[in-house]
Amino acid sequence: MTILPLVPRIERCLMSDLPDIAELLDLDFGDFEDDLPFYDALAQRGDGSVLELGAGTGRVAIALARAGFDVHGIDLSAAMVARANDKAPDDLDAHLHLSCGDMRDFDLGRTFALVFAAYGTFHHLFSADEQLSCLRAARRHLSEGGLFVCDLRSMLHVDWESGESAPLLHDWTKVLPRTGVRVTKLRAVRPDRAEQIQRELHIYDIEAADGAVRRITQEVDLRFAGRYEMEALLREAGLVLEQSYGDYDLTPYNETSESLITLARRGKEPS
């Protein structure tokens, strides 16, 4: 078996049989559905207008549009937005509106009953200034009484012990639907406790029909926020905390929770 050299940070590949990062992320997370009933129930609380921040390849946005909600989504990556729009059936055109946008500062010229950042998207904001800017933009896009939801991994369930070297872990091996080739994902994580950041290296090995392995790598840094840090950010952004949950079944957040899911209402505009 031959392993070809590493290909760093591929967004759009020149080789037709090699997937780009958007397709690989779909393979990684596209079949995750645990949170879909949760967001469906929240969308039903309001008038059905929904905005997703960091919509990626449309996993949640497309599902909500299929359910009949008026869904808008923004993502910084043009490749992600293009893949999401390609995946979406034509009959969703009236319900689904996806575009490139930066969740740290955006203006869509309208408001929504539900604005959310799903499945750890908020971890991609690396400073308190970026987090606060995002929350303020989210508040501006909430209708009166609108709900903001942020789904984070709990800091209590993250390994913050740093060793001399980060071990390479096997995440999964799956078959890529488009080509039928086998893809293996490996991951190495190096924590930075002082900055509350997990520095991850994602390695995707794509096994071709001739036995050669082509490799794509992606570096991902995720910044974590604790419960009270998140609550302080919400207050400063003019959002009023409604509840903190530890899972999609609405179990109250506690020391055993693997997730930190905060729900907040639009409050008074901060001075």
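Quick note: numbers below take in every heavy atom, side chains included, and nothing from hydrogens, waters or symmetry partners.
Listed by first and then second residue, the salt bridge (charged side-chain N to carboxylate O under 4.0 Å, His left out) pairs that reach into residues 97-117 are Asp70-Arg110, Asp102-Arg104, Arg104-Glu130, Asp105-Arg140, sequence neighbours excluded. Sequence neighbours left out, the pairs with a member in residues 141-153 that pass salt bridge (charged side-chain N to carboxylate O under 4.0 Å, His left out) are Arg153-Glu200. For the salt bridge (charged side-chain N to carboxylate O under 4.0 Å, His left out) condition, the pairs that include at least one residue of residues 37-51, sequence neighbours left out, are Arg45-Glu242. The salt bridge (charged side-chain N to carboxylate O under 4.0 Å, His left out) analysis of residues 221-233, with sequence neighbours excluded, yields the pairs Arg199-Asp221, Arg223-Glu229, Arg227-Glu231.
Residues passing the side-chain hydrogen bond (donor to acceptor under 3.5 Å, both in side chains) test with Arg66, sequence neighbours excluded: none. With sequence neighbours left out, the ring pair (Phe, Tyr, Trp, His ring centres under 6.0 Å) criterion links Tyr204 to no other residue. Checked against side-chain hydrogen bond (donor to acceptor under 3.5 Å, both in side chains), Asp28 has the following partners two or more places apart in sequence or in another chain: Trp172, Lys185. Take Arg187 and apply the salt bridge (Lys or Arg N to Asp or Glu O under 4.0 Å) test, not counting sequence neighbours, and it matches Asp171. Residues satisfying the ring pair (Phe, Tyr, Trp, His ring centres under 6.0 Å) test with His97, not counting sequence neighbours, are His72. Every residue two or more places apart in sequence or in another chain that forms a ring pair (Phe, Tyr, Trp, His ring centres under 6.0 Å) with Phe106 is listed here: His141. Phe126 meets the ring pair (Phe, Tyr, Trp, His ring centres under 6.0 Å) test with no other residue; sequence neighbours excluded. Residues passing the side-chain hydrogen bond (donor to acceptor under 3.5 Å, both in side chains) test with Tyr253, sequence neighbours excluded: Ser154.
Under the 4.5 Å side-chain heavy-atom criterion for ILVMFWY residues, a single connected hydrophobic cluster contains both Leu92 and Leu98. Tyr39 and Phe32 end up in the same hydrophobic cluster when Ile, Leu, Val, Met, Phe, Trp and Tyr side chains are linked at under 4.5 Å. The cluster map of Ile, Leu, Val, Met, Phe, Trp and Tyr, joined by side-chain heavy atoms under 4.5 Å apart, puts Tyr119 and Leu152 in different clusters. Side-chain heavy atoms closer than 4.5 Å link hydrophobic residues (I, L, V, M, F, W, Y) into clusters, and following such links, even through other members, never connects Leu53 to Ile62. Met230 is connected to Leu142 through a chain of hydrophobic side-chain contacts under 4.5 Å among Ile, Leu, Val, Met, Phe, Trp and Tyr, so both are in one cluster.
Although no hydrogens or angles enter the test, the distance criterion places a donor-acceptor pair under 3.5 Å between the side chain of Asp75 and the main chain of Gly56. Proximity of a side-chain donor or acceptor of Gln218 to a complementary backbone N or O of His202 within less than 3.5 Å is not detected. Distance alone, capped at 3.5 Å, is enough to place a donor-acceptor pair between the Arg265 side chain and the Gly145 backbone. At least one donor-acceptor pair under 3.5 Å links the side chain of His157 to the backbone N or O of Thr256.
Two residues are said to be in side-chain contact when any heavy atoms from C-beta on lie closer than 4.5 Å; Tyr245 and Asp249 fail this criterion. Val60 has its side chain within reach of Leu36: a pair of non-hydrogen atoms, C-beta onward, lies under 4.5 Å apart. In this structure, Val189 and Asp159 have side chains that are not in contact, with every pair of non-hydrogen atoms separated by 4.5 Å or more.
Residue Arg59 forms a side-chain hydrogen bond (donor to acceptor under 3.5 Å, both in side chains) with just one option from Asp31, Asp35, Asp26, and that option is Asp35.
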Review point. Can you check side chain to side chain contact (heavy atoms under 4.5 Å, CB included) on Val149 and Ile261, steps first, answer last?
Key: CA-CA 7 Å; Val149 182; Ile261 304 171; 4.0 Å; yes
